[in-house]
Every structure is written in structure tokens, then in C-alpha cells.
Amino acid sequence: MNISFSRFLTLACLSWSLLPAADVTANWLGQSPPVVKVGVSFGVPFKKGAWQRSDSLAAKTAGGQPVPAQTWPLAVWPDGSVKWLGVAVSGGPDVAGPLQLGKGVALAPAVALTATQDAGGVSVDTGVLQCRVAARGAALIESLKIDGRVVARDGQLVAMTEDRADYAATGAVRDERFVSEIGKVTLEQAGPVRAVVKIEGMHRSVRGTRAWLPFTVRLYFSAGVESVRMVHTFIFDGDQEKDFIRGLGVRFAVPMREEIQNRHVRFSGEGEGLWSEPIQPAAGRQGRFVAKADGADIYPDQLAGKRVPNSAEVNARGKSLLEQWAVWDSFRLVQPNADGFTIEKRTNSLSAWIPAGAGKRASGLVFVGDVSGGLAVSLKNFWQSHPAALEVRNAASAAAELTVWMWSPDAPAMDLRHYDIKAHGLEAVYEDVQPGFSTATGVARTGELTLFPSGAVPTKAETAAQAAVGREPPVLACPPQVLHDARAFGIWSLPDRSTPFKKSIEEGLDETLAYYQKAVEQHRWYGFWDFGDFMHSFDADRHVWRYDLGGMAWDNSELGTDMWLWYSFLRTGRADLFRLAEAMTRHTGEVDCYHLGRFAGLGSRHNVRHWGCGAKEARISQAAYRRFYYYLTTDERVGDIMREMTIADSAATEFDPMRIAQPATEAEKKIAPGRVRLGPDWFGFVGNWMTEWERTGDTKWRDKILAGVDSLAAMPLGMKTGKNLVFGYDPETNRLFQLSEAAGDYNLATIMGGGEVAIELGEMLEDPRWDKLWLQFCRLTTASAEVIRQDMQTGTEGDDDARYARPDRLAAYVYHKTKNVAFAKRALGGGGFGGGFRASGAPTRRIEGPEVLNPLDEAARVGTNGAAQSGLLAIEILEMCADQLPTDMPSAPLRPEGTQGVRRNGAPNAAPAIKTGL
């Protein structure tokens, strides 16, 4: 039925009076709405049964103004109700938060976005922007139109390589250029508020037949919004010994319709800084001579980007000067490292580049256009992901060429080889290198760009605002209380400083996080392949993180670092922690994992090179580390990654994770096709399947989990069956098999995301067998086979003093479920609980002068394993044992009991499995 817009608004507003009191809210990170109108998508969690697929969402600003919103289910509960709801809005300065969200009549946008697909491609109209996406060829974006004019066209991917196949013998290097070739285009969402276009293809040689570097590009459009978000992913599928990428970028042609004096180029610098010039400044030796016929000066208007007269409209002297002044045709900003950029320009290809400016850290936006329209493009994390560059060429021609270089051709070529030609060993450097395993083939990299087409030259303030939005795209998120009440991502605590004990723990958590934030900057954890990751271990004598020491270098999610950062954000809502966790998710999910090739579905253990370690395991690639970002932001690329990793069980069967530490016997090989550990392997698979089950509602993923539950329930010692908790595994049936009579224990089983997955699984599975198995495992983690057999009859072994429970989240979980105080005391009294400097007594000291390259703050005891695990334990135990927490801080710091557990691959760990804080 048709209703008037005013009637529609009345119904929408009326619906709010019918909402329950506990409406959900979402606010802008940093509290302020974006300075430029952009599209934003975010996730909203719901308890089981609270939101149905048929429910409609109404949104309004803090001032009560209805906001058009588009919704879709991101995850569902087993009963079919929505667990996570994706919400898309168009936000700008007028959309003040917090947004109020609830059941009601959804408001349609004043001008709905439309997106249609035909044989030739996809057409999108946001009401203010029209875009045509091609179905084939090199140009992904055929055209961008503003006010009916094409302001950018032929948007394509470009790459350059050095082929060094003959370099060792002859010293010859062959250059080759590649452009995108579209293979498939999918219209994933089609409005009315948000449209998403997915483009897949390869980079094909301009002069040859080679096609490589698979890419996925998603374009995001929003109703009433001119800008376009672009998420670019490529996978390295070459030979790292000979394929050296010299340049990797995105290129557009920008029509130049106006005369030279009405054309402009801009680069964003630091903060609000802007380099902004016409390609022919209208000033010369004796000042401003170009004037209109009436004598008025045109130079101020030109510098502001406003239209100035054509040459026919200026006086004779002005016309003469315009003919004599240099015309600058090409411009580039190059950021070779995290600490400096340069700007250069030149008049033509036969002349020199001259310096035109310099600075420290450019925010990553370039604009070229004339007063009839142009295009600005911003690259997120520009300086952090160096070497990067922004380039404009042919600005004096009929169409300028704008290129955003994610890897600058002015930098040395990308070298993905391993750091040495020999392995150095677990004993020497904690390194597990195996022939042919230190390969980059299959790793990926994702970058985010924002396109800002315009119908004129923006004001300088508008360009600076665009640069700010591109540098840190606006984010909407539900506040911590909403996420906590919905039990999003399991059991975790909100900050509470109401007692000296709680205050000390919270301060320790904050200081540990602050230390790592500072370490990112002081130790320059930046670079195209590195940004987002942390280092693993610290060398207090050299005052550096062990960047060059085998398995002690990059962390690669080792003991749940990703989770630590995400839970820290969930409980605080801090924007800086969101950005820290976001960068880590982008890195670890792409660079540390394999997306094609022999190791597809697995990730690499920590090493000097992110892909250097021979341990290729599911614990690094598991969805449990990535699902935070997916559900909080609806990011489709992370959704792709999680789906890719559902095959991890098959890959792990081929590459037995215990092949070195505990080689399979001939008898074991006959029992099952492969072997896996309960954790982190099987728990990693379970997290993948649980995530796919809730995303799709398809019970085949639940059944994979239940096959394992059935297997464990039938074993004599339940989840404790087998030496080191190693089981036989069949990827065809997903069943686990007993391999030994021993009662196993394995210190890595639940400290690499396994504990968090198992706890959240209970709410999804609702299976009494699982509940019994998991609770028994938590109660009797260190118990002998005899004790476990006895417990199979009594169900109460060790309950009097919790002596068999590991003093960490497992003991806390038992208390949470049973309220047996012995387990709360166990959890609080002996583990890595504490999470920071104050709890561990580890202050920092300032080091300057000749002892270090740059001044830095150093902790007496620091290690990312300990920081991540102690942080997670504090966050979880504070919640699970909330009513048993002491009021005052103990006189002696809480310290781990020092249980060493089982060592990876039979070698000693470099540090205890769990350390207190830093």
C-alpha cells in the first residue's frame, strides 16, 4: 500500500512509543559524527529469541530524527532467531549519536540507492553518484559520474615486477607490467541504503600471457553519498625466489575539460596539512600579473580552487604570461618509510623531478581535477604500510592519470624470500623451519581506499576532511554494556574500579595495553607486510624486540593476542583499541594465513618472516580470532577469510601438527587418516564450524562438531583421552579416535583461543554431552587416568579443593557453572591472573643515549605471550568469579605456579606458558 512520506515519518516515530524500555544503542567511536557524509555498517548482538528475521529495525539520532537503515542477519541462533544483525546507515555531521535502535517501521531513504546487474556489469546510483562497474576487461570501474558528468573512468589495478629467474647466472632482471583482468562480478547487496559489488580476477601481463596475483575488490555504495569505499585484496601466488613485485596500485583516468589554469593537484600531509597547487600557478617574477579585463586579480581564487577566467578572458599581459609560465604535468608523493615523505613535480618526461615539499607522515590522499570535476582517493594506513606513494601524471593532457601505489615503484622491489638459506633450530632460536615450508605462496594482503568523486574542486577544508575520513573511516559500535548484556563473544567483564583489588587489576590492564601501543611506535612495527602485528619476545640486553631471532620475532597470534585486543575493546569501547585490534585482524588474517596452495586453510607460527615457520597450523588461521571484526563491522572480506578456513581440518590432516614433537606410530597410522590435538587443533576447527553454522544456519556445520562430541563422549577418559591430547582424525567423517590409554594434558590446548571457543560453544550447542565433557575437562585438567575413571562414576573428584583444575579460566569456568567456591579460589590464587605492571610489579624505565637508536620505554619483564594471556585471564576471571574477588590487593603479587606443561615439538618454551602481565 502507498503512504505519503509525512505519514511514513509519523508511523516511524510512533513506533518508538511501542518499543520496550531496553532499546539498543550504537555510537560513533570517538563520540563525534563524521565530518563528511559516508556509509557505515555495524553489527548489533541479540540474546536468543530477542530478534526475529521478520522484525524490522527503526533507527533515530540522539535528537530524535529518524535515520534510514538497511539490515540483514549476520548470525543466527539454533532456534532461528538473530544472533548478530548487520545494520547500514548513511552518516554525516547531522547524524549525532548515540543512535537509538529498536523494533519499528524502518525508514526508507529520501532517495533510495539502486543497483542493477546485467550482462555487461553493474550500475549503481546513490542519488548523487552514478557508477558503472564492468563485467569484463581491465577497468573495474568504467565510470564515476557527478551531476551527469564523468569525473573519473577506467579504474583498474596495476602491478609491476622484476623477474630475477636469471639473476644469479647473468645478473639480468626483466621488468613486466600487469593490469587487472576481471573474472567475475557479483552484486552482493542492492540497497536501499547499501550496495556491495564484489569483483574477482587476476593481474594479466600487458605484453605476455601470464595471469597471476588473484584479486578481490569490493566496492561499497551508500544512499545519498558521493564517496565509494574500496577494499582491495591480492594473493601472492608466484615464486618468491624470482618474482619481485616493484609496484602495486590502483589507477584512474580523470577527464580534464578545463584550461590549464583551472586544473589542480592536492596531497594530504600530516594532520590537516595539505599540499595544494594549480598545475600552472598564476603568479610570476613580479607578483600577480594575470587579471581579468577589469583588472581584478585571479590568483587568490585560483589557489582556492575556484574557477578563474579562460585565457581569452584575461588582459593581453595576462594572456602572454599564461603562455610563458611553466605547466607542471606530473606530481608524486612518496612515503618510503614511517618517518618521512617527499613531494616532487615535473613539467614533462624529458625533464627533472624537482622537490616541492616534504614532511613526516602523510595521511594518504591525492586529488586531481579541474573546476568541472575530479577525483580524490585516500589510502588508509598510508604511512604505516610503507612504502607507499601517490602519483598524478598527464595533468596537462585531456585526461590525468591518478595512481595510488600500495607498494611504491620508487622503493626497492618486494622481497618475499626467507631470511636465511638454512634453518637454525628450536633449541637455538625457537625456530621450526622445514624444507619448502618457508613460503609466501598463498599469503594475502588487504588495503582499504576511499574514492571521493566531485563535481568541482573541493574547498581545502573539504579535502582535509576527506583525508581525515579516509585515514580513519568512521565506525559505529554498540557500547560495552550492550555487548556485555548480549553475551557477545562469551564471558568477559566490564571495567570496575570499585575496590583496591579491582582498581589495581584494571590499571595493570590499561598499562599493559599502553605499553604495547607505545611499542608499536617506538619500535616502528610498521610496513606493508608487518603493520598490525606485535613482536613475540624482547631482548633486554640489546633493548630491542627479537626481530632477527627465529621463532622469537613476529607474534602471529601466538597466545591469543588478537583476542586480548578485541576483548579489551569490547569492555571499554575505546577507539584507539579498536584501531589497534582492527590492524591486527587485517594483518593476521591475511599475511599469517594461507588462502591458496598446499597450505590453504592453515597459518604460520611466529617467525622472523611471517610465513617462515614450518609449523603450519589451524590455530593461527582460526575464525575465533577474526569473528570479532566481522560481527562488529560486517566486513565481507573477513567473512571470506573465515569461510576459507573451514577446510583447515583437511589441511591439518595432511600436515600433522605433531609430526615432529610426537611422530605417529605405524599402529596409529592404521587407526585414522590423520592426527590432531584436542586443542589448539580441534578447538580451532570447532570455532570455524561454529562460526559458519551461525552465519548460514546450515546444520551440517553443527553436525561436524557433534561428530567430535560423539567421539569424545564414547572414550574412556572423555576429553582427557590420549598422550598430549592427541587423537586420530578423519576429515571425511569428522570423527576423533583414541590413540592411547594415557590421560593427557597439554598446556596449549586452551590458551590459543580454545577456551573461549569451548565456552561460547556451550550456548550454541545446548548439548548435555558437551556440557558434561567440557566441565569435566575444566575440573580435572591435570588429573590422572585413575582419577578420571573414578570421576566417570562419581562426577565429584577433586571438588573439595579443586586440586586438579588448572588455575586459570578453566577453574573460573567451573565456579561460574557450579558455584563451588574451591574453584574460584583456585582461579584467583595461582595463575597468570593480573594483567599488567601493577599486578606483576614490572615498572618501565626510560632508556636514551648511545644505548639505543631512539629513546624508548622498557619494561623489566616483557613478553607478548604473557601479556596476551594474563590480560585475557583477568578479563574473564573478573567476570566468572565476580562475587569471590578480594577487596584488597594481596601483599605479594599474583604469580604463576610455574607449571611448564608440554613443550611444542619437544623443545623448551622460551617463557612459561602463562606469565603475569609484562
Side-chain angles (χ1 to χ4, degrees), residues 16 19-34 38-52 55-62 66-77 81-91 95-104 106 193-194 472-496 563 565-582 585 626-635 638-639 691 694-695 760 763 875 879:
W16 285 95
L19 289 175
D23 294 336
V24 174
T25 62
N27 206 356
W28 300 102
L29 287 191
Q31 308 302 313
S32 300
V38 293
V40 181
S41 299
F42 60 100
V44 179
F46 292 98
K47 292 181 179 179
K48 190 179 302 181
W51 194 274
Q52 304 300 323
D55 289 335
S56 176
L57 181 136
K60 65 178 180 179
T61 66
V67 178
Q70 178 178 323
T71 64
W72 64 99
L74 293 171
V76 295
W77 290 101
S81 63
V82 174
K83 186 177 183 181
W84 280 91
L85 185 71
V87 181
V89 299
S90 298
V95 183
L99 296 185
Q100 305 296 314
L101 312 170
K103 295 179 182 179
V193 175
R194 180 190 200 237
E472 288 191 347
V475 174
L476 277 167
C478 293
Q481 190 69 58
V482 170
L483 298 168
H484 181 269
D485 290 349
R487 293 285 287 272
F489 308 110
I491 302 173
W492 46 273
S493 60
L494 293 169
D496 182 352
M563 280 186 165
L565 297 185
W566 279 119
Y567 281 118
S568 297
F569 165 72
L570 293 177
R571 67 196 305 266
T572 64
R574 285 171 47 184
D576 59 338
L577 295 183
F578 177 90
R579 303 294 181 188
L580 197 67
E582 176 187 41
T585 295
R626 305 302 74 104
R627 57 204 294 270
F628 299 90
Y629 189 61
Y630 175 73
Y631 289 132
L632 290 170
T633 68
T634 81
D635 186 86
V638 171
T691 303
E694 63 188 7
R695 288 180 65 193
E760 192 173 352
E763 296 188 10
I875 290 167
E879 181 72 6

For this session: Tell me, please, which residues at least two apart from Gln31 pass side chain to side chain donor-acceptor pair (under 3.5 Å).
Result: Asn27
For this session: Please list, chain by chain and in numerical order, all residues satisfying side-chain contact (heavy atoms from CB on, under 4.5 Å) with Asp496, sequence neighbours excluded.
Result: Ser498, Lys502
Exercise. Got a sec, which residues hit side-chain contact (heavy atoms from CB on, under 4.5 Å) with Pro474, two or more places apart in sequence or on another chain?
Worked result: Trp28, Pro34, Val38, Val40, Val469
Problem set entry | Validation row: Val24, Trp51 side chains within 4.5 angstrom (heavy atoms) | no
For this session: Ignoring hydrogens and angles, tell me if any N or O in the side chain of Arg695 forms a donor-acceptor pair with the backbone of Gly639 under 3.5 Å.
Result: yes
Exercise. If we only count heavy atoms from C-beta on, is the Trp77 to Lys47 side-chain gap below 4.5 Å?
Worked result: no
Exercise. Considering all heavy atoms of both residues, which atom of Tyr630 and which atom of Val638 are nearest to each other, and what is their separation?
Worked result: CB-CG1, 3.9 Å
Exercise. Checking Asp485 side chain against Val482 main chain: does a donor-acceptor pair fall under 3.5 Å?
Worked result: no
For this session: Under the side chain to side chain donor-acceptor pair (under 3.5 Å) rule, collect the residues that match up with Ser90, sequence neighbours excluded.
Result: none
Exercise. So do Thr634 and Trp72 actually touch side chain to side chain, heavy atoms under 4.5 Å?
Worked result: yes
Problem set entry | For Glu472, all residues meeting side chain to side chain donor-acceptor pair (under 3.5 Å), sequence neighbours excluded | none
Problem set entry | Check: Val193 main-chain N/O paired with Gln70 side-chain donor or acceptor under 3.5 Å | yes
For this session: Sequence neighbours left out, what passes side-chain contact (heavy atoms from CB on, under 4.5 Å) with Thr633? Give chain and number order.
Result: Phe578, Tyr629, Asp635
Check: residues 567-575 side-chain donor-acceptor pairs under 3.5 Å, at least two apart:
{"residue": "Tyr567", "atom": "OH", "partner": "Phe489", "partner atom": "O", "Å": "2.7"}
{"residue": "Ser568", "atom": "OG", "partner": "Trp564", "partner atom": "O", "Å": "2.7"}
{"residue": "Arg571", "atom": "NE", "partner": "Ser493", "partner atom": "O", "Å": "2.9"}
{"residue": "Arg571", "atom": "NH1", "partner": "Glu506", "partner atom": "OE1", "Å": "2.9"}
{"residue": "Arg571", "atom": "NH2", "partner": "Ser493", "partner atom": "OG", "Å": "3.0"}
{"residue": "Arg571", "atom": "NH2", "partner": "Glu506", "partner atom": "OE2", "Å": "2.8"}
{"residue": "Thr572", "atom": "OG1", "partner": "Ser568", "partner atom": "O", "Å": "2.8"}
{"residue": "Thr572", "atom": "OG1", "partner": "Arg574", "partner atom": "N", "Å": "3.2"}
{"residue": "Arg574", "atom": "NE", "partner": "Asp576", "partner atom": "OD1", "Å": "3.1"}
{"residue": "Arg574", "atom": "NH2", "partner": "Asp576", "partner atom": "OD2", "Å": "2.8"}

Exercise. Out of curiosity, Ile491 CD1 to Glu879 CD, how far, rounded to the nearest 0.5 Å?
Worked result: 7.5 Å
Problem set entry | Any Val89 side-chain heavy atom under 4.5 Å of Val95 side chain | no
For this session: For Gly43 and Leu74, work out which heavy atoms get closest and say how close.
Result: CA-CD1, 4.2 Å
Exercise. For residues 82-91, which residue pairs qualify under salt bridge (charged side-chain N to carboxylate O under 4.0 Å, His left out), counting only residues two or more places apart or in two chains?
Worked result: Lys83-Glu694, Lys83-Glu760
Problem set entry | Contact summary for Thr61 and Ala96, nearest pair of heavy atoms | CB-O, 3.5 Å
Exercise. Looking at side-chain heavy atoms only, is the closest gap between Leu632 and Trp566 below 4.5 Å?
Worked result: yes
Exercise. Looking only at heavy atoms, what is the nearest atom pair of Leu85 and Phe46, with distance?
Worked result: CB-CE1, 3.8 Å
For this session: Go through the structure and list residues passing side-chain contact (heavy atoms from CB on, under 4.5 Å) with Pro45, not counting sequence neighbours.
Result: Trp84, Cys478, Leu483, Ala486, Ala488
Problem set entry | Point-to-point distance, once rounded to the nearest 0.5 Å, from OG1 of Thr25 to CG of Leu99 | 9.0 Å
Problem set entry | Minimum-distance pair of heavy atoms, taken over all atoms of Ser41 and Ala88 | OG-CB, 3.6 Å
Seminar exercise, completed: Residues Ala69 and Ala59: closest non-hydrogen pair is CB-CB, 4.4 Å
